[in-house]
Each structure stands twice: as C-alpha cells, then as structure tokens.
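Encoded as structure tokens, the structure appears first; notes follow it.
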2 protein chains.
Amino acid sequence: MNLSPRPVEATPLAHDRVYRRLRARIMHGDLPPGHALTLRGIGKEYEVSMTPAREAVRRLAAEGALTMSTSGRISTPELSNERIEELAALRALLEVELASRALPRAHMALIERMQTINTNIAEAVAHRDAVSYIRTNLEFHRTLYLRAQAPAMLAMAETVWLQLGPTMRALYGRLRRTEPPHFHRLIIAALRAGDEPGLRLAVRSDVTQGLRMLAS
Amino acid sequence: MNLSPRPVEATPLAHDRVYRRLRARIMHGDLPPGHALTLRGIGKEYEVSMTPAREAVRRLAAEGALTMSTSGRISTPELSNERIEELAALRALLEVELASRALPRAHMALIERMQTINTNIAEAVAHRDAVSYIRTNLEFHRTLYLRAQAPAMLAMAETVWLQLGPTMRALYGRLRRTEPPHFHRLIIAALRAGDEPGLRLAVRSDVTQGLRMLAS
DNA sequence: ATGATGCGCTTGTGATCACAAATGAGCCAC
DNA sequence: GTGGCTCATTTGTGATCACAAGCGCATCAT
C-alpha cells in the first residue's frame with residue numbers, strides 16, 4: 001500500500017486552471033457578448049502554451065460558454081431572443097426542481113447564510129457593479145441548490161448560467177436597477193414557512209423575471 | 001463577395017470526427033461501464049495523432065460520457081444508484097417538457113414516422129440486440145423532441161442519454177425482454193388524440209420505467 | 001502460498017513546430 | 001470617394017517529442 005506523504009492538493013494541471021478561470025469570468029459576466037479570444041492570447045495570459053489553452057476553450061465551447069466560427073475563431077456567444085427564452089425556460093425547469101428538493105433539507109443556518117448573501121447582492125446593486133451582482137446572485141441560488149444533493153442537476157443549471165453569462169452582463173449593464181431582488185425575499189420566506197408551492201413559484205418568478213426583459 | 005466554388009461539406013476536422021464517432025458508440029451502449037480507453041489507442045483506431053484524440057476525450061469527459069481518474073486514465077463511467085436515479089429524474093423533467101412543446105407541432109407524418117421506428121425497436125428486441133435497441137429507442141424519442149424547436153433543451157437531454165449509455169447497455173444486456181416498449185404506444189396514442197396530460201404521463205412512465213430497474 | 005519490492009513499459013501532459021486558411025489593412029483602378 | 005484586389009500577418013489545427021507518473025507483472029523473501 002502507498003503510505004508515502006503524497007501531497008493532498010490535486011490538479012495542478014494547466015488546462016484545468018485555465019478552464020476554471022475562464023469559466024468563472026464568463027459565468028460572472030466579465031466578458032461582453034461577441035468578445036473575441038485567441039489561443040495564443042489565453043496562453044500568454046495564463047502562462048501556458050497553446051495546447052492546454054485549446055483544451056480549455058474546446059471544453060467551454062462544448063458547454064455553450066464560447067462559440068467557434070466555421071474557421072475556428074473564438075468568441076463569447078451573442079444569443080438570439082429565442083435562445084434566451086429557451087435558456088430561461090431551462091433555468092425555471094431545473095431550478096424549481098432543485099429548490100423543491102432542497103426544501104426539506106434547508107435548516108436555519110442555510111437560510112441565514114442566504115440572507116447574508118442577499119445583503120451582499122443589495123450592496124452590489126448599490127454600487128452598480130454588474131459582475132459582483134451576477135456573482136453574488138448566482139451564489140445565492142447555488143447555496144440553496146447544493147442542499148438538493150443532486151450534482152448532475154446542479155451541473156446542468158450551472159451550464160445554463162454559463163451560457164447566459166455574457167448576455168446577463170449586457171442586460172444588467174444597461175438596466176438601471178435600484179432595488180435588490182424582490183423575489184429573493186419571497187424565496188427565503190417560503191423556505192422558512194416550508195411552503196413548497198410558494199417556493200416553486202418564487203424561484204420560477206425570480207429566474208424568469210430578470211431574463212424576460214433580455215428580449216430587447 | 002466570395003463567389004468561388006467553395007466546397008459545401010464543412011468539418012473534415014479530425015477531433016470532431018473522433019468526437020462524433022466515440023460519442024455515438026458510448027450513447028448507443030457499444031461500450032460497457034468501466035471500459036478503459038487510451039489516447040494512443042483511439043488515435044490509432046481513427047488514424048489521427050494524440051492531439052485530436054485528447055480533445056475528443058476531454059470533451060466527452062466534460063459531458064460525463066467518460067470519466068478520468070486522478071492520474072488521467074480514461075474509462076466509461078460506472079454510475080452509482082443515486083446517480084442513475086438522478087439522471088432518470090432529469091430525463092423525466094426534460095423529456096416531458098420537450099414532448100409537451102412538440103405536441104402542438106406534431107402532424108400525422110411525424111406520428112407515422114415514429115410508428116415505423118417503433119416497429120424497428122420491436123425487431124431489435126426480437127433479435128436481442130442491445131445496441132440496436134438503444135439506438136432505435138433514442139431515435140424514437142429524438143424524432144419527437146426535434147419538433148419542440150428547443151435545441152438547448154434537446155442537447156441537455158442527449159447529454160443525459162450519453163451519460164447513461166454504458167449503463168443502459170449493462171441493463172438491457174441482462175434484461176430478457178420479449179415485448180416491445182408498451183409506453184411507446186401510449187405516447188403515439190396521446191399524440192394522435194392531442195392529449196397533453198396523457199402525453200406527459202406516458203413519456204414520464206416510459207423514461208422512468210426502464211431506468212427504475214437499473215438499481216440492481 | 002502469500003505478500004512486498006522493484007522495474008520496465010504504458011499512458012497522459014504540455015511545449016514546440018510546420019502548415020493552411022482566413023482576416024484585415026493598404027493599395028490601386030475607376 | 002468607392003469598390004475590389006493583394007499580400008503580410010494573425011490564427012487555429014494537428015503531429016511530434018520529451019518527460020514524469022502510474023500501472024502491472026515478475027521476482028524474491030518469508
């Protein structure tokens with residue numbers, strides 16, 4: 001048996017580092033729709049060669065976080081209105097189910113953590129910081145969904161978030177919002193009350209409300 | 001403007017060929033759970049170098065069609081019962097919605113095509129051919145869902161099929177089935193009648209029935 | 001017989017390179 | 001000025017290579 005003091009920290013793998021950092025930037029709306037990227041540029045930025053950069057890009061393209069033209073040029077996607085509506089419907093479908101599964105497992109500590117995150121969201125809104133707003137908003141949802149104990153379902157929801165990242169940045173950039181998300185309070189209230197139909201409605205409303213106005 | 005007689009057939013790209021052929025094999029149950037693969041072996045089989053083979057494998061691993069050990073070894077996944085049940089729930093969630101969206105667009109020609117496919121399924125069952133059974137069964141579902149005009153949703157459903165491919169092979173291999181799928185007839189009947197609740201129930205039953213017995 | 005040990009070979013990773021295609025800026029003709 | 005053409009540059013693709021780590025088998029001691 002191997003009892004040698006093997007280092008615990010796994011994955012110093014180059015392509016995985018690049019993938020994760022790029023993924024976070026895209027999901028959180030750091031890049032606008034249609035933004036162009038190059039393999040050599042990515043490699044230079046993350047101090048790797050083209051090979052791991054290409055693997056990271058390929059994976060993100062497969063997940064819909066990046067698009068590749070017929071000639072292989074890389075850019076963030078510019079979604080059609082039909083695609084946006086479909087992704088919003090997917091969010092509703094998946095996240096309502098995730099919330100419903102998380103409800104029986106949601107104890108008080110979780111609800112309080114969500115409330116804390118909600119104040120951070122309000123802060124991001126006050127500072128007109130689109131990236132912070134998107135990131136904390138997703139953190140609010142993910143905190144709840146982690147309790148659903150449904151990793152494949154959560155992964156699919158995150159893939160949808162990823163595809164919507166650049167588009168959400170474009171939305172929240174031009175949307176002059178002043179109040180923190182209203183439906184988050186309804187979600188928290190439904191969680192406290194153990195009200196499943198109310199929770200499903202609140203999540204569906206929160207998810208579709210913001211995205212309905214994306215259809216410019 | 002470019003009026004040169006450019007060849008119409010796009011994508012002679014090596015990594016894409018490898019990806020598609022591997023994906024089809026996995027989705028249709030050509031490989032059992034836990035089957036090991038190597039980059040050099042794949043490259044040799046499809047007459048490419050390691051580079052495109054690795055890109056194809058990475059993409060399939062990202063979609064859950066392959067698993068990579070901490071040391072990078074490649075194999076088809078061996079799913080836990082919890083994961084199987086979660087994927088079955090995802091199938092139900094997504095495919096019920098897809099069927100529901102396809103219903104108003106399903107004209108007679110589509111229903112007749114589905115019926116033809118259904119006879120092919122019966123034939124595969126009669127021949128005890130697991131791969132043919134899985135392939136024609138998925139073709140039956142995809143034919144319906146294509147009418148939903150929801151490409152992102154269909155892509156997610158196919159990702160679930162992909163993850164279940166090897167496991168479904170293992171199931172249908174040991175399951176001695178004699179009759180063609182019963183719920184397919186209910187799906188067709190609901191389509192003819194324009195009965196949406198009946199269609200949703202039939203699809204959900206068909207999807208969960210086969211997978212419920214996967215939990216050995 | 002059983003378990004540990006050591007080693008050779010297989011395997012994935014990432015860098016580099018040659019190549020072809022496409023892009024875009026500059027130039028020219030009208 | 002406007003439109004089309006040309007060419008240098010950028011960019012993605014895929015092959016090859018050096019390297020390190022892991023797996024598995026044979027060997028050996030007990």
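Chain A is the first sequence line, chain B the second, and so forth, proteins listed ahead of strands; every chain is numbered from 1.
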Restricting to nitrogen or oxygen on both sides, can you table the protein-nucleotides 23-25 of chain C pairs closer than 3.5 Å?
none

Do you see a donor-acceptor pair shorter than 3.5 Å between the side chains of Arg59(A) and His15(A)?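 Per modelled atom types, Arg59(A) and His15(A) side chains form no pair under 3.5 Å.
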Under-4.0 Å salt bridge between [X] and [Y]:
X: Arg135(A); Y: Glu139(A); result: no
X: Glu158(A); Y: Arg23(A); result: yes
X: Arg101(A); Y: Glu86(B); result: no

Can you tell me how far [atom2] of [N] sits from [atom1] of [X], to the nearest Å?
X: Met68(B); N: dA21(D); atom1: CE; atom2: C1'; answer: 14 Å
X: Leu39(B); N: dG22(D); atom1: CG; atom2: C1'; answer: 15 Å
X: Ile74(B); N: dT11(C); atom1: CD1; atom2: C1'; answer: 9 Å
X: Leu37(B); N: dC23(D); atom1: CG; atom2: C1'; answer: 17 Å
X: Arg40(A); N: dT16(C); atom1: CZ; atom2: C1'; answer: 11 Å
X: Tyr46(A); N: dG14(C); atom1: OH; atom2: C1'; answer: 18 Å
X: Glu47(B); N: dG14(D); atom1: CD; atom2: C1'; answer: 15 Å
X: Asp16(B); N: dG14(D); atom1: CG; atom2: C1'; answer: 14 Å

Original post:
Does the side chain of Arg54(B) get closer than 4.0 angstrom to OP1 or OP2 of dG14(C) through an N or O atom?
Top reply: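 Result: no.
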* Any Thr51(B) side-chain nitrogen or oxygen under 4.0 Å from OP1 or OP2 of dG14(D) ->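 Looking at the OP1 and OP2 atoms of dG14(D), neither is under 4.0 Å from any side-chain N or O of Thr51(B).
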When you measure from the side chain of Val48(A), which nucleotide among dT11(C), dA15(C), dG14(D) comes out closest?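 Selected nucleotide: dA15(C).
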What nucleotide among dG12(D), dA15(C), dT13(C) has an atom nearest to a side-chain atom of Pro52(A)?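 Ranking dG12(D), dA15(C), dT13(C) by closest atom to the Pro52(A) side chain puts dA15(C) first.
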*Under 4.0 angstrom, heavy atoms only, what part of the nucleic acid is Ile42(A) near: base, sugar-phosphate, or nothing?*
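Contact class for Ile42(A): none.
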So for atom NE2, which belongs to His127(B), do other residues, nucleotides or ligands contribute more than 12 heavy atoms lying within a distance under 6.0 Å?
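No - once you tally the heavy atoms of other residues, nucleotides and ligands closer than 6.0 Å, there are 12 at most.
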Inset, instruction - For the pair Trp161(A) and Tyr145(A), name the ring-plane relationship: parallel under 30°, tilted 30 to 60°, perpendicular over 60°. - result: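 Ring orientation, 0 to 90° scale: tilted.
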### Query
Distance-only, no hydrogens or angles: does the Thr159(B) side chain make a donor-acceptor pair with backbone N or O of Glu63(B) under 3.5 Å?
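Checking the backbone N and O of Glu63(B) against the side chain of Thr159(B), no donor-acceptor pair under 3.5 Å is found.
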